[in-house]
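Right, one structure below, let's go through it.
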Amino acid sequence: MHRRPARWTANDLLGKKDLSPMPGFPLDDGIIEDVIRYHSGLPGYRTTPLLPLRRLASSLGLGGIWVKDESKRFGLNAFKGLGGSYAIARLLGRSLGIEAGKIGYERLKEAAQGVKPHTFVTATDGNHGRGVAWAARTLGQKAVVFMPKGSSRSRIDAIAGEGAEVFVTDVNYDDTVRVAAAYSAENGCSVVQDQAWEGYEEVPTWIMYGYLTIMEEITGQLKESGEGMPTHVLLQAGVGSFAGSMVAYLDHTMGQDMPKVVLMEPEKAACLYESAKSEDGCMVNVTGSLETIMAGLSCGEPNPIAWGVTRSKAAAFVSCDDEVAALGMRVLGNPLGDDPRIVSGESGAVGAGLLKLMAKEGSLSGLGGRLGLDPSSRVLMISTEGDTDPDRYRKIVWEGAWPLERR
Ligand SMILES: Cc1ncc(COP(=O)(O)O)c(C=O)c1O
């Protein structure tokens, strides 16, 4: 490693009562049941694999490592369809006077037939837009998707392949969100954005509810295999909606016993890390090109709902160089002994890279020590995408290229 691969800050507010004025994220068992009911009725639903990496755990001096492989979600190569599908169901259900979470996918689809299709609009780095396009199509609806400048051809094609109209802007992700919202308002469509702002909180809350399926499945899978819940959970963040949802679930179901949560972001888009470091604990936006190989995490403005959830519940915030993600991709793609191979993309693998660096003699073992990583630790990671940009995946894994322009 030619320079410090990551910077971190431990959370001084951990465990303290959150006094922030941020909007809340109400959660109860009924919501979790509704979300699972809706998702399990969708075409192609099956529980994604939770893979134990026993050999890697013992080589890193840990008690256990589990990776939830979300590349297997609905054939979309990423987890994001969970959020978009649940939010679109709630929006469509409301317009039809139906409670989508209660009646499920088949009956919602039936009710939507014969009614003029509605258009759902979103901005995306790739995965969320593909999920929205897919979810709209499964219900016979339309989607318009905006992508930031520099979006890769394979990600654009994947969204268009789900039947959406795709526009690439000449601005970064956060500004593209504003472009999409303006288009939607002008054309009488509905915005399905995984980011909240003042007056737009309901849909992003539903999207975060949609992600709960992941942690509910994990809880069931660990129970079934006779394993306890993890002691540490590593979560990657763009705007933080995914991490916020996972943290809220753990807090709701485990309370005082909840695991230590580490939030990871790319260094040029580390808005939650910067927010955690800010003197007054207020949210900080990061601006500029936000350039990183972790395309799904390239967001400079935190979701205020997610920040409200994570600011007093995450143990540490970490700003990672691209090489941490590249390392994680190689670690997961080249398993030890009979550990399973996991094809994990740039935004999915950063946890595996960080874990390697935090373990025993790694260059971030100070952070590992602070988090109490030791032979009794059971670490959970969620590989949120597969090789969503296959050319880049191969360049990184075969040629050691990260970011590509350095080579
Ligand atoms: C693969 C992947 N992982 C993680 C995330 C982060 O999600 P969030 O923006 O909710 O923090 C994204 C967001 O698009 C993603 O595409």
Side-chain angles (χ1 to χ4, degrees), residues 25 48 67-74 76-84 86-87 122-132 145 147-148 151-152 154-155 158-159 173-174 176-177 192-196 203-212 214-215 233-248 261-266 269-273 275 286 290 292-307 309-310 314 317-318 320 325 328-329 332 342-352 381-389 392-393:
F25 184 66
T48 56
V67 179
K68 177 80 164 160
D69 184 1
E70 283 296 310
S71 72
K72 303 289 189 282
R73 186 67 73 186
F74 297 129
L76 296 172
N77 217 2
F79 78 105
K80 281 264 164 177
L82 289 170
Y86 187 67
T122 196
T124 184
D125 285 318
N127 295 322
H128 170 67
R130 187 173 179 191
V132 164
V145 177
M147 301 184 75
S151 294
S152 83
S154 55
R155 292 191 175 117
I159 295 169
Y173 170 78
D174 301 294
T176 302
V177 171
V192 184
Q193 202 57 59
D194 49 351
Q195 167 65 307
V203 173
T205 299
W206 290 340
I207 288 175
M208 288 173 66
Y209 284 159
Y211 301 154
L212 294 168
I214 298 174
M215 211 43 105
V233 181
L234 308 186
L235 298 170
Q236 54 274 45
V239 299
S241 302
F242 160 69
S245 170
M246 302 300 101
V247 167
V261 170
V262 180
L263 252 65
M264 307 162 295
E265 294 168 281
C271 50
L272 295 157
Y273 165 83
S275 302
V286 172
L290 313 175
T292 167
I293 59 170
M294 295 173 250
L297 314 184
S298 177
C299 315
E301 300 179 15
N303 174 349
I305 302 170
W307 176 237
V309 176
T310 52
F317 294 82
V318 188
C320 300
M329 291 162 75
L332 294 176
I342 301 167
V343 174
S344 181
E346 297 88 320
S347 300
V350 62
M381 297 180 278
I382 301 170
S383 174
T384 44
E385 68 175 351
D387 55 347
T388 50
D389 184 343
R392 182 168 272 205
Y393 179 87

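One-based numbering, in listed order, for ligands and for the atoms of each.
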Which protein heavy atom lies closest to atom 10 (O) of ligand 1, and at what distance to 0.1 Å?
F242 N, 2.9 Å

Any heavy atom of V239 under 4.0 Å from ligand 1? The part involved is both

For the residue pair T48 / D69, report whether a side-chain donor-acceptor contact shorter than 3.5 Å exists.
no

Checking heavy atoms under 4.0 Å, the part of S241 that sits near ligand 1 is both

Work out whether the distance between some heavy atom of A237 and some atom of ligand 1 is less than 4.0 Å.
yes

Sub-3.5 Å N/O-N/O distance, G296 and ligand 1
yes

Which of parallel (below 30°), tilted (30 to 60°) and perpendicular (above 60°) describes F79 and F242?
tilted

Is there a polar contact, in the sense of an N or O pair closer than 3.5 Å, between N127 and ligand 1?
yes

Would you call D194-K80 a salt bridge at under 4.0 Å N-O?
yes

Distance (rounded to the nearest 0.5 Å) between L234 CG and I382 CD1:
9.5 Å

Flag the pair V132 / T122 as yes when at least one side-chain heavy-atom distance between them is below 4.5 Å, and no otherwise.
yes

Distance filter under 4.0 Å to E385 heavy atoms, resulting ligand 1 atoms:
1 (C)

Under 4.0 Å to a heavy atom of G238 - the qualifying atoms of ligand 1, by number
6 (C), 8 (P), 9 (O), 11 (O)

At under 4.0 Å between heavy atoms, which part of K80 makes contact with ligand 1: side chain, backbone, both or neither?
side chain

Looking at ligand 1, does any of its N/O atoms fall within less than 3.5 Å of an N/O of G240?
yes

Ring pair (Phe, Tyr, Trp, His ring centres under 6.0 Å) between Y209 and F25: does it pass, once the steps are laid out?
CA-CA 9 Å; Y209 284 159; F25 184 66; 5.0 Å; yes

Which one of T384, L272, L297, D125 has a non-hydrogen atom at the shortest distance from atom 5 (C) of ligand 1?
L297

Are the side chains of K68 and R73 in touch, meaning some heavy atoms are under 4.5 Å apart?
yes

Using modelled atom types and a 3.5 Å cut-off, is there a donor and acceptor pairing between side-chain atoms of E301 and backbone atoms of V239?
no

Could you tell me whether some N/O pair between G348 and ligand 1 is separated by less than 3.5 angstrom?
no

